[in-house]
2 protein chains.
Amino acid sequence: MARRATVYDVAERAGVSIATVSYAFRQPDRVRESTRERILAAAQDLGYVPNANARGLARGKTNALGLYSFDLMLDAPQGLSAGSRAAGAGDDVEVDLRAFPLYVDEIQRGFELECWHRDQTLLLSSGTGPETSRVTDLAGRVDGLAVFPGPLSDESLQFLSRRLPILVFSREPSDVPLFHLGVDNYAGMRSLVDHLVLVHHVRDIMFVGALDVPEYRQRFEGYVSGLAAHGIPAPGRPLDESDLGRADNLASLREAVADGALPRAVMCASDQLALAVLDLLEDKGVRVPQDVLVTGFDGILAGRLSAPTLTTVRQPMEAMGRFAAQVLVDNGGQRWTSPQSRSFPVRLVVRDSCGCGRAGTVGH
Amino acid sequence: MARRATVYDVAERAGVSIATVSYAFRQPDRVRESTRERILAAAQDLGYVPNANARGLARGKTNALGLYSFDLMLDAPQGLSAGSRAAGAGDDVEVDLRAFPLYVDEIQRGFELECWHRDQTLLLSSGTGPETSRVTDLAGRVDGLAVFPGPLSDESLQFLSRRLPILVFSREPSDVPLFHLGVDNYAGMRSLVDHLVLVHHVRDIMFVGALDVPEYRQRFEGYVSGLAAHGIPAPGRPLDESDLGRADNLASLREAVADGALPRAVMCASDQLALAVLDLLEDKGVRVPQDVLVTGFDGILAGRLSAPTLTTVRQPMEAMGRFAAQVLVDNGGQRWTSPQSRSFPVRLVVRDSCGCGRAGTVGH
DNA sequence: TGTTCGAATCTATGCGCTTAGACTCATGCC
DNA sequence: GGCATGAGTCTAAGCGCATAGATTCGAACA
């Protein structure tokens with residue numbers, strides 16, 4: 001079978017130079033109509049599809065954006081359907097209601113929509129650890145890159161930011177010329193605290209979540225200051241510093257249950273953590289919200305499906321994804337010269353797990 | 001700000017030729033260790049990231065796969081959060097339980113996983129109609145392309161198949177050298193019919209779905225032959241030939257309700273259609289499954305969340321997505337010389353809407 | 001000491017396209 | 001008739017990298 005058709009083939013068949021072929025596709029007005037038709041017909045005959053690598057090389061830009069995320073599940077065993085966020089094993093497993101779509105997926109959705117709206121191709125990649133080969137490869141392919149930093153080191157991001165504009169989903173400040181996109185974790189936690197204190201008259205509130213995740217630390221700080229605002233002394237440390245994906249998860253919380261040392265309310269650093277907490281409490285026979293109130297953070301879908309449904313703070317994820325793509329496109333491949341940042345507001349979503357809402361209602 | 005570093009810059013700084021720089025990255029064993037270290041150090045200093053366009057051009061392949069899908073929602077108005085599959089309007093709307101994740105999303109998930117597992121970059125794009133500019137652009141960027149054909153014409157697919165291997169999610173036969181990947185729609189419908197007839201002793205069964213969608217037509221044929229196998233004469237046409245996204249949806253069904261002409265069971269061509277039917281029936285005060293049994297096809301998440309939960313036939317979507325990527329990678333950019341196809345088996349999933357299952361259970 | 005050989009590196013070319021600038025030639029003007 | 005003009009087309013260079021094949025050079029060996 002013949003090799004792929006190129007501009008040269010089309011040019012020869014249409015009896016013009018390759019420049020004219022290129023113009024016929026990129027600047028049609030510059031080419032006489034009859035010539036253009038001849039060229040397009042030749043291209044059609046030959047099955048000619050312009051090679052985007054060559055175009056990108058010649059133009060110095062690709063019209064593509066990248067989204068790099070972090071996927072714990074990729075580490076899983078390697079069978080045909082391994083590594084999935086599915087509930088079970090085998091060749092046909094249903095998706096896990098808990099894990100699809102996640103925080104990341106909703107942002108990705110917004111990013112996708114905006115890419116297509118702006119006529120950008122979207123490149124997706126994902127890694128499992130701090131290694132940089134995948135994200136570097138991606139950086140070599142696109143005009144702008146949005147990154148869920150996960151376990152990537154600051155040095156890695158800094159390195160990449162020398163080549164192209166990088167947007168990071170994180171509000172953590174830094175002096176690296178990245179665009180930091182995040183939400184007001186602080187205000188979000190305060191509104192949750194206000195709700196628990198003012199509506200439910202709860203004052204015995206503990207925090208669950210690891211402080212070495214920057215976002216979680218901000219949420220912890222919001223929790224502390226929220227309590228302070230009501231004159232409540234806050235514990236200096238979380239009740240439990242678990243994070244998802246770690247061994248021995250929620251060990252401290254489990255201990256507290258065993259010791260009968262549970263607070264009246266548990267505020268979790270994320271929805272996923274909160275769902276794990278709900279599971280644990282149910283397992284131990286602790287009733288939510290009767291015995292303990294539980295809150296999350298993020299507003300993922302699974303929080304609407306759990307029993308009880310989860311009171312949380314919702315991030316405008318789709319809007320954030322869209323914004324990310326907009327910023328990168330508008331920047332046209334130019335790196336930022338100084339750190340940028342943008343914080344999105346969050347919204348309190350009151351459901352059953354704090355004692356509001358009508359138990360049994362699925363959704364909303 | 002300086003322009004991007006290239007091999008030339010690295011070579012100069014490390015005191016070697018550009019060939020050696022390239023080898024240091026691509027065939028490290030070929031380069032003396034001390035030289036390699038010097039080169040990598042220079043690259044680090046300069047912020048050098050290899051340009052994938054240049055590499056792809058030089059090598060004649062990109063190590064990337066494309067996935068093209070069809071997205072009705074892209075046509076929606078253009079506000080910041082418009083065009084989303086979200087339930088409502090405004091800057092922060094929650095995802096619609098009905099629309100996320102869809103059939104397409106689950107296949108995409110499998111495709112993603114396999115791409116990353118095989119060290120392929122994934123390019124995603126999506127269009128709204130029969131226009132080919134987007135899918136052609138994608139075809140110019142990748143070594144292999146998986147396509148949800150949607151409104152694309154056969155000619156378009158044929159054209160693209162001259163340039164690179166194309167896999168189509170559809171079992172419709174054709175003489176174009178594409179890889180057709182689908183499921184056994186026929187057997188799936190027959191197992192549903194068998195269930196309705198043998199377990200629920202229902203014989204008055206009608207089909208809802210448009211026949212101009214190839215998959216739906218196959219399902220209709222499975223329905224017809226299933227009835228025949230039980231000695232039941234099948235209606236020559238569906239009760240209603242609606243498809244999602246069309247105006248005046250389910251008009252015939254609505255009419256049947258008004259006329260009191262509903263059959264004992266309604267088999268829908270897809271889950272999404274079945275969910276719409278459930279809505280309509282509930283709206284009209286028709287009880288499912290007491291008055292009418294309803295079934296779907298696909299096995300999307302939303303069918304586990306509806307009330308009643310939806311009896312359906314499930315496609316192994318993640319496995320299909322994985323398989324698609326495998327086939328394309330294994331083919332190494334070579335077009336197929338003749339049409340290929342592969343059909344995946346489906347699995348009957350019995351839930352509440354046919355009268356099985358315990359009402360009120362969410363999930364499974 | 002001369003020869004062979006292989007490791008390490010370099011030279012040179014081409015991948016397919018875009019685009020600045022040169023060229024051609026019909027047209028309209030003085 | 002000479003000349004400027006501009007539409008249409010072409011020539012030629014370059015984008016950043018991979019890699020075949022040439023070259024260099026030290027080690028091994030007779």
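To find a chain, count down the sequence lines: A is the first, B the second, and so on, and within it residues start at 1. All heavy atoms count here, side chains included; hydrogens, waters and symmetry mates do not.
Comparing C/dC17, C/dT19, D/dC17 by their closest approach to the side chain of B/Val7 singles out D/dC17. Among C/dC10, C/dT9, C/dG16, the nucleotide with an atom closest to any side-chain atom of B/Thr35 is C/dT9. For B/Ile18, taking side-chain heavy atoms from C-beta onward, the closest of the listed nucleotides C/dA12, D/dG16, C/dG16 is C/dA12. Distances were taken from every side-chain heavy atom of B/Thr6 (C-beta onward) to each of D/dC17, D/dC10, C/dC10; the shortest belongs to D/dC17. Minimum atom distance to the side chain of A/Tyr23 is reached by C/dA20, of the listed C/dA20, C/dG14, C/dT9. Candidate nucleotides C/dC17, D/dC10, D/dG16 were compared by shortest atom distance to the side chain of A/Thr20, and D/dC10 ranks first. Distance from the side chain of B/Ala58 is smallest for C/dC15 among the nucleotides C/dC15, C/dC10, C/dC17. When the nucleotides D/dT19, D/dC15, D/dG16 are ranked by their closest atom to the side chain of B/Gln27, D/dT19 comes out on top.
Looking at heavy-atom distances under 4.0 Å, B/Phe25 makes no contact with the nucleic acid at all. Residue contacts shown for A/Arg26 are limited to sugar-phosphate atoms, with no base heavy atom under 4.0 Å away. Contact annotation for B/Ser22: base contact, defined as any heavy-atom pair under 4.0 Å involving a base atom. At the heavy-atom level, A/Val31 lies under 4.0 Å from the strands shown only through sugar-phosphate atoms.
Formation of a donor-acceptor pair under 3.5 Å by the A/Trp116 side chain with backbone atoms of B/Leu124 is found in this model.
A donor-acceptor contact under 3.5 Å is formed by the side chain of B/Arg30 with the base of C/dT9.
Positionally, the nearest nucleotide of DNA chain D for A/Gly15 lies more toward the 5' end than for the other of A/Tyr8 and A/Gly15.
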